[in-house]
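For the numbers below, each heavy atom of this structure counts, side chains included, while hydrogens, waters and symmetry mates do not. Here, residue 1 is the first one in the sequence, and each next residue gets the next number. Source: prediction; values computed, not measured.
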Amino acid sequence: MAFKTLEMAKLGSEHLRALEIGVTSRCNFRCDYCGAYDLTERRVLDVDQVARVIDNLPDLGRVKLSGGEVLLEFEICEGIVRYCTSKGIETQINSNGTVLNEEKFRRLEDAGLGVLHFSLNHTDAQSHSNFYRVTEKMFPKIEAAIRRSVASESIDTVVETILFNETHQRMAEIHRFAAELGVRKHEIQMEIPSIHQGYENTLTDDTLMDAIAGLCEARDPRTTLYFSCLSAYFKPKSDAWNRLQPLLRDPGVIYASCIEGKAQLHLHSNGDVMICELGNPDVIGNVFETDILTMYEESPQLKAFVEKKHEEEAFSCFRHFDKPGQKVENPGGLRLAVPVAISTRPAD
């Protein structure tokens, strides 16, 4: 299964084909825009717990591992990847790349990892350090990890850049930097309001479209662009959506449709299951109380989400929570609500 195969297929809600697992919320970065479900949670899902969930999903074809910085729990990630490989399930790890080394790369390759997905929003150590409030030594580690991943014969390397106020004027620069590192798949994630850190959308539709258009014009012909969450920002048949369509005629520019709630759910390290960790973090159950397939088939919240056809009609999971082009001093009801966690947990 190639990167974004499910999203490009525009799947319906007949089968649960993908699962994103937040193995841990721990992280060595502190991003203002972090969308991790619960940064205070210190429970970690182990391999056996994940295996039991996977074994109950007959149509599962892809598992993503995320966090936090998920590779802080390297042995667990390796074990989950190896188990998925044994079941014929494709795997992806989302990482900032700073904790990888040659031994870990070899172990992930041996376990059968399919995709290694790196965050990249800067092109130099100083700006990276200033934004993330980490030492400048981190950035060379990210560069080295991306180069090593690109050199792998078995791992598919993807770099993700968030299109937000920090990057919108530098998208072409970041893209060229990634392409020169050897990256041939560059995902663009639209800006996301944070339920934890207070980050709010600040860009207007015109600013976003100008950034997208400039990036597509500057696209390295060797590297494909994949855009995620476009439907949360540009309503079909709007001026911005119409301006976007000619850009999508380029075979190197891919619009990845949303499969959240329809073919994919999110499992957090405390067992909570969400429709979408970023745009619709409603908890529909907990795997330590109810099996995930039952949630998928019977949850009233999930059925309501799918039936409203958010891409075609409501168009926005979260865009309506902000005031485009403005900082919201007192967001009140404009902020995404912190998801309500299920109270029952397995004993420590």
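Note that CG of N56 and OG1 of T294 are 7.0 Å apart. Values are rounded to the nearest 0.5 Å. Taking OH of Y296 as the start and NZ of K262 as the end, the distance is 10.0 Å to the nearest 0.5 Å. Atom OG1 of T98 and atom CG of L71 lie 8.5 Å apart (nearest 0.5 Å). In this structure, CD1 in I275 is found 12.0 Å from CE in M295, a value given to the nearest 0.5 Å. To the nearest 0.5 Å, atoms SG (C77) and CG (L113) are separated by 9.5 Å. From D282, atom CG reaches atom CE of M274 across 10.0 Å, with rounding to the nearest 0.5 Å.
Q245 contributes a side-chain N or O that, together with a main-chain N or O of W241, makes up a donor-acceptor pair within less than 3.5 Å. For E289 (side chain) and N286 (main-chain N/O), no donor-acceptor pair under 3.5 Å exists by modelled atom type. In this structure a side-chain-to-backbone donor-acceptor pair under 3.5 Å is present from R219 to T223. A donor-acceptor distance shorter than 3.5 angstrom exists from the side chain of K104 to the backbone of V99, with no hydrogens or angles considered. Between the side chain of S269 and the backbone N or O of R43, at least one donor-acceptor pair lies under 3.5 Å.
The nearest pair of heavy atoms linking L163 to A211 is CD1-CB, 3.7 Å. The minimum heavy-atom distance linking G114 with E90 is given by the pair CA-OE1, 4.5 Å. Residues S119 and I142 approach most closely at O-CG2, 4.5 Å, considering heavy atoms. In plain terms, the two heavy atoms of G261 and L302 that are nearest each other are O-CD1, 3.3 Å. Closest approach of E260 to F305, counting heavy atoms only: O-CE2, 3.3 Å. Shown here for A111 and E78, the closest heavy-atom pair between the two residues is CB-O, 4.0 Å.
Remark: the Q189 side chain and the S228 side chain contain no N/O donor-acceptor pair separated by less than 3.5 Å. For the 3.5 Å distance criterion, the side chains of T204 and D206 fail to qualify, holding no donor opposite an acceptor. Using a 3.5 Å distance cut-off with no hydrogens or angles, the side chains of E277 and H268 do not pair a donor with an acceptor. Using a 3.5 Å distance cut-off with no hydrogens or angles, the side chains of D124 and S127 do pair a donor with an acceptor. A side-chain donor from one of E166 and H122 sits under 3.5 Å from a side-chain acceptor of the other.
Residues meeting the ring-ring contact (aromatic ring centres under 6.0 Å, His included) test with F29, sequence neighbours left out: H128, Y132. With sequence neighbours excluded, the residues forming a side chain to side chain contact (heavy atoms under 4.5 Å, CB included) with L57 are L16, L19, V53, L60, I292, L293, listed by chain and number. Judged as a side chain to side chain donor-acceptor pair (under 3.5 Å), and not counting sequence neighbours, T85 has no contacts. Under the side chain to side chain contact (heavy atoms under 4.5 Å, CB included) criterion, K87 pairs with D55, Y83, I89, not counting sequence neighbours. F3 is linked by a ring-ring contact (aromatic ring centres under 6.0 Å, His included) to Y226, counting only residues two or more places apart in sequence or in another chain. Every salt bridge (charged side-chain N to carboxylate O under 4.0 Å, His left out) that R243 has, sequence neighbours left out, goes to D210. Contacts of E187 classified as salt bridge (charged side-chain N to carboxylate O under 4.0 Å, His left out), with partners at least two apart in sequence or in another chain: K4. Taking E153 as the reference, nothing meets the salt bridge (charged side-chain N to carboxylate O under 4.0 Å, His left out) condition, with sequence neighbours excluded. The side chain to side chain contact (heavy atoms under 4.5 Å, CB included) test applied to V150 returns I146, T157, V183, not counting sequence neighbours. Under the rule for a side chain to side chain contact (heavy atoms under 4.5 Å, CB included), the partners of A2 that lie at least two apart in sequence or sit in another chain are T5.
Taking hydrophobic clusters as Ile, Leu, Val, Met, Phe, Trp and Tyr residues chained together by side-chain heavy-atom distances below 4.5 Å, V70 shares a cluster with I76. I21 and V158 sit in two unconnected hydrophobic clusters of ILVMFWY residues. Membership requires side-chain heavy atoms under 4.5 Å apart, directly or through other members. Note on L45 and I93: same hydrophobic cluster, where clusters join Ile, Leu, Val, Met, Phe, Trp and Tyr whose side-chain heavy atoms are under 4.5 Å apart, directly or indirectly. Following chains of ILVMFWY side-chain contacts shorter than 4.5 Å, one can reach L267 starting from I54, so the two form part of one hydrophobic cluster. In this structure, L203 is a member of the same hydrophobic cluster as L247, with clusters built from ILVMFWY side-chain heavy atoms closer than 4.5 Å.
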Residue pair F177, R170: steps toward the side-chain contact (heavy atoms from CB on, under 4.5 Å) verdict: CA-CA 11 Å; F177 181 77; R170 302 183 296 107; over 6 Å; no

side-chain contact (heavy atoms from CB on, under 4.5 Å) evaluation trace for F74 with R107: CA-CA 10 Å; F74 182 82; R107 288 168 63 178; 3.5 Å; yes

Determine, stepwise, if the pair D156 / Q92 fulfils side-chain contact (heavy atoms from CB on, under 4.5 Å). CA-CA 9 Å; D156 196 8; Q92 173 178 318; over 6 Å; no

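Around atom CG of D239, no more than 12 heavy atoms belonging to other residues, nucleotides or ligands sit under 6.0 Å away. The local environment of CZ in R222 is crowded, with over 12 non-hydrogen atoms from other residues, nucleotides or ligands closer than 6.0 Å. Residue Q169 qualifies as open at atom CD: its count of foreign heavy atoms under 6.0 Å is 12 or below.
T91 places none of its side-chain heavy atoms less than 4.5 Å from the side chain of I80. Taking the side chain as every heavy atom from C-beta outward, F234 and L208 approach each other to under 4.5 Å. Residues R148 and I155 are not in side-chain contact: their nearest non-hydrogen atoms beyond the backbone lie 4.5 Å or more apart. Taking 4.5 Å as the limit, every side-chain heavy atom of I188 sits out of range of all side-chain heavy atoms of I212. In this structure the side chain of L120 never reaches within 4.5 angstrom of the side chain of E160, judged on heavy atoms. The shortest side-chain heavy-atom distance between M190 and I162 does not fall under the 4.5 Å cut-off. At least one side-chain heavy atom of H186 sits under 4.5 Å from a side-chain heavy atom of T161. Between F105 and S152, the closest side-chain pair of non-hydrogen atoms is not below 4.5 Å.
Electrostatic pairing of R176 and E180 does not count as a salt bridge here, judged by no charged N lying under 4.0 Å from a carboxylate O. Between D110 and R82, at least one side-chain N (NZ, or NE/NH1/NH2) sits under 4.0 Å from a carboxylate O, which counts as a salt bridge.
Ring planes of F131 and F164: perpendicular class, angle over 60° (limits at 30 and 60°).
Applying the salt bridge (Lys or Arg N to Asp or Glu O under 4.0 Å) test to pairs two or more places apart or on separate chains, those with a residue in residues 61-71 are E7-R62. Counting only residues at least two apart or in different chains, salt bridge (Lys or Arg N to Asp or Glu O under 4.0 Å) contacts with residues 114-123 are absent.
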